[in-house]
Amino acid sequence: MAVIVRFAPSPTGFLHIGGARTALFNWLFARHHGGQFLLRIEDTDRARSTPESVKTILEGLTWLGLDWDGEAVSQFARRERHVAVAHELVARGAAYRCYASPAELEALRAEQTAKGLPQRYDGRWRDRPASEAPPSVAPVIRLKAPLTGETTLHDRVGGTITVPNSQLDDMVLLRADGTPTYMLAVVVDDHDMGITHVIRGDDHLTNAFRQLNLYTAMDWTPPMFAHLPLIHGPDGAKFSKRHGSPAVHDYAALGYLPEAMRNYLVRLGWAHGDDEIFSTDQAIAWFNLEGLGVSPARFDFAKLNHLNARYLAQTDDSRLATLAEPFLVKAWGRDLTDVDRTRFLRALPDLKTRSATLVALAESARFYGIAPTLATWEPKARDLMTPEARTRLGTLLTRLEALPEPWTASKVEALFRTSAEEQGLKLGVFAQPFRAALTGSTVSPPIFTVAEIFGKNEVFERVKASLSLPDLA
RNA sequence: GUCCCCUUCGUCUAGAGGCCUAGGACAUUACCCUUUCACGGUAGUAACACGGGUUCGAAUCCCGUAGGGGACGCCA
């Protein structure tokens, strides 16, 4: 039997990290089995669903590289079918009309809470004839769930879980306004769409039992279920769309690569032995439900950073340059010139092993585009510009002037090494002030390569400017 | 409150009764490399929540305790 899975977000906000991982697992599972990964927008809550949310969620999935099969399905568009099923259930005697008003139910819950009882619908209209219905109340339709016995779920993550039916009340299928609830719609749609495996967050676990009763009432075969442990925030607290989880597009803006994000996310609650860094193709080849963990995981930015750094360092320079450009523009506060682009591309091999994110990468490249000014020189770099250092740099400039063309890193370096040797000093004594002069900082990629990328003119300009830098007070 | 679930280094995890003096990764510490910072390399610190049982033998099975989480909506 072909595998068909779905990701079913509700369009009431953005795509958060937990949803992204759920989508990823479904996607990996489908691709592994050569099955289908469907997308269904659970928009039956008309008050909270927005088209903007749908757009944001789709963009988030696209950024993550999760392509879905066919068109995204709107659950709301299928409401006629849901209503028909609800009525069929009533006809079968498996559901009934309930005339209890919202206020009445609220009072019931308040009373139960006061008495320390579980909050549950008490079935007051379960066997009451419609002739007793108050004329002013529009009824809802509720499932007639079994009162006794128990319901067992064979979850692919949690194992066999049994709940007494006394814990499950008669859930609403159709609201008073005639619209279907999520509980009804999700079962009908999963059935109609031929979903074979429902892989979703653990917060749906208790729903599964109620939904199982609905499958039974319709004589439908339920799909396999796999409930994923939730993701917690770095502090161990709840981490969801409603509780502080960042949106996927935030990670994009923070300078994370989608492939790094995928790799990080797949390891959060799933493992393949000791494997840590692997391609998406490898993940597809390896992914299975058996590798899923059972306990919640905390989101750890340090590990994400590490992975992203590794992916950044591996990324092809020209692609990386394209990805980084918007971050450069932001960091530099101006559009790039052709010279900027050329320099950045040449600098990239040395730059990309030094940054964890595109934001940091752009920041580390700032000196290429913006010459240090009095205001931007780092204090430690200025400390390097002692009178002796300035004298040495001045001498170096003269010798640099005499260097035969072309201007290369190795020639500049050789000159520096010779100068240091002649005076019996370490290379750093010469190289550090040079670094400070070119970058305004004590930290940079290898400085002779930097000098080559700048070219002779720019090097001379910056060194000369550094020689006239006023002393620190 | 009721029901359900979870518990291995700080974090993510390996572990399906003997392969475990518990492995890997991130973080962290030290050293090496070195023109700075990274990268890389080497070494180190660090965990089976607790208590009972089953067994020749338990991180692995069972029971209990504690802690954490989830659900309990005419939300999804």
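Computed from heavy atoms alone, side chains included, the values below leave out hydrogens, waters and symmetry copies. Residue numbering restarts at 1 for every chain, and letters A, B, ... go by the order of the sequence lines.
- Base pairing of B:rC56 is made with B:rG18, judged by Watson-Crick or G-U wobble geometry with both donor-acceptor distances under 3.5 Å.
- For A:N263 and B:rC12, the CG to C1' distance is 12 Å, given to the nearest whole Å.
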Just the table, please: protein N/O against nucleotides 20-24 of chain B N/O, every pair under 3.5 Å.
residue : atom : partner : partner atom : Å
B:rG23  : N2   : A:D274  : OD1          : 2.5
B:rG24  : N2   : A:E276  : OE2          : 2.5

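- Whole-Å rounding puts the A:L117 CG to B:rG1 P distance at 13 Å.
- Between A:P445 and A:G116, the one whose closest nucleotide on RNA chain B sits nearer the 5' end is A:G116.
- When the C1' atom is used for both B:rG51 and B:rG40, the distance is 47 Å, rounded to whole Å.
- For A:A271, the listed nucleotide lying nearest its side chain is B:rA14; candidates were B:rA14, B:rU2, B:rC74.
- At the heavy-atom level, A:L268 lies under 4.0 Å from the strands shown only through sugar-phosphate atoms.
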Between the protein and nucleotides 4-9 of chain B, which nitrogen or oxygen pairs are less than 3.5 angstrom apart?
none

Can you give me the N/O atom pairs linking the protein to nucleotides 43-48 of chain B at distances under 3.5 Å, or say none if there are none?
none

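- Nearest nucleotide to the A:F448 side chain, out of B:rU36, B:rG70, B:rU35: B:rU35.
- Taking the 5.5 Å centre cut-off and the 30° plane limit, the aromatic side chain of A:H204 is not classed as stacked on B:rA71.
- Along RNA chain B, the nucleotide closest to A:Q432 and the one closest to A:T181 are compared, and the more 5′ of them pairs with A:Q432.
- Between A:R120 and B:rU2 there is no side-chain polar atom (N or O) within less than 4.0 angstrom of OP1 or OP2.
- Pair check for B:rA66 finds B:rU7; Watson-Crick or G-U wobble, both atom distances under 3.5 Å.
- Using modelled atom types, one finds a donor on one side chain and an acceptor on the other under 3.5 Å when comparing A:T113 with A:Q119.
- Taking the charged nitrogens against the carboxylate oxygens, A:D189 and A:R6 have no contact shorter than 4.0 Å, which rules out a salt bridge.
- B:rC32 and B:rC37: their P atoms are spaced 13 Å apart (whole Å).
- The pair A:K303-A:E276 meets the salt-bridge criterion, since a charged nitrogen lies less than 4.0 angstrom from a carboxylate oxygen.
- Here A:D169 pairs with A:R210 in a salt bridge; the nearest charged N to carboxylate O distance falls below 4.0 Å.
- The pair A:K115-A:E111 meets the salt-bridge criterion, since a charged nitrogen lies less than 4.0 angstrom from a carboxylate oxygen.
- The side chain of A:R175 contributes an N or O atom lying less than 4.0 Å from OP1 or OP2 of B:rA76.
- Ring geometry for A:F29 versus A:F287: interplanar angle over 60°, hence perpendicular rather than tilted (30 to 60°).
- Using atom P as the reference point in both B:rU35 and B:rA25, the two lie 29 Å apart (nearest Å).
- Look at the P atom in both B:rG73 and B:rA14: the space between them is 35 Å, to the nearest Å.
- No side-chain donor from either of A:N308 and A:T357 sits under 3.5 Å from a side-chain acceptor of the other.
- To the nearest whole angstrom, the two C1' atoms, one in B:rG24 and one in B:rC61, are 26 Å apart.
- A donor and an acceptor atom, one from each side chain of A:Y96 and A:D170, are located under 3.5 Å apart.
- The pair A:R366-A:E363 meets the salt-bridge criterion, with a side-chain N (NZ, NE, NH1 or NH2) lying under 4.0 Å from an Asp/Glu carboxylate O.
- If you check distances only, the side chain of A:D203 never reaches the base of B:rA76 with a donor-acceptor pair under 3.5 Å.
- Classification of the A:F434-A:F416 ring pair by plane angle, with boundaries at 30° and 60°, yields tilted.
- Comparing the C1' positions of B:rG10 and B:rC4 gives a spacing of 29 Å, expressed to the nearest Å.
- Proximity note for A:Q119 (side chain, C-beta onward) versus B:rC72, B:rU36, B:rC74: the nearest is B:rC72.
- Searching all strands for a Watson-Crick or G-U wobble partner of B:rC37 with both distances below 3.5 Å returns nothing.
- A salt bridge does not link A:R200 with A:E42: every distance from a Lys NZ or Arg NE/NH1/NH2 to an Asp or Glu carboxylate oxygen is 4.0 Å or more.
- Out of B:rC39, B:rU35, B:rA27, the shortest distance to the side chain of A:T353 is found at B:rC39.
- Using atom P as the reference point in both B:rG69 and B:rC12, the two lie 14 Å apart (nearest Å).
- Put simply, NZ on A:K115 is 15 Å from C1' on B:rU2, counting in whole angstrom units.
- Taking only side-chain atoms of A:H306, from C-beta outward, the nucleotide of B:rG73, B:rC26, B:rG70 with the closest atom is B:rC26.
- Across all strands shown, B:rG73 remains unpaired; no Watson-Crick or G-U wobble contact has both distances below 3.5 Å.
- Separating the C1' atom of B:rU13 from that of B:rA47 is a span of 12 Å, rounded to the nearest Å.
- A side-chain N or O of A:R435 and one of A:Q432 form a donor-acceptor pair less than 3.5 Å apart.
- Side chains of A:T280 and A:R262: a donor on one and an acceptor on the other come within 3.5 Å.
- Side chain of A:R435, nearest nucleotide from B:rU36, B:rC12, B:rC74: B:rU36.
- Side-chain contact annotation: A:T179 with A:R46, donor-acceptor N/O pair under 3.5 Å absent.
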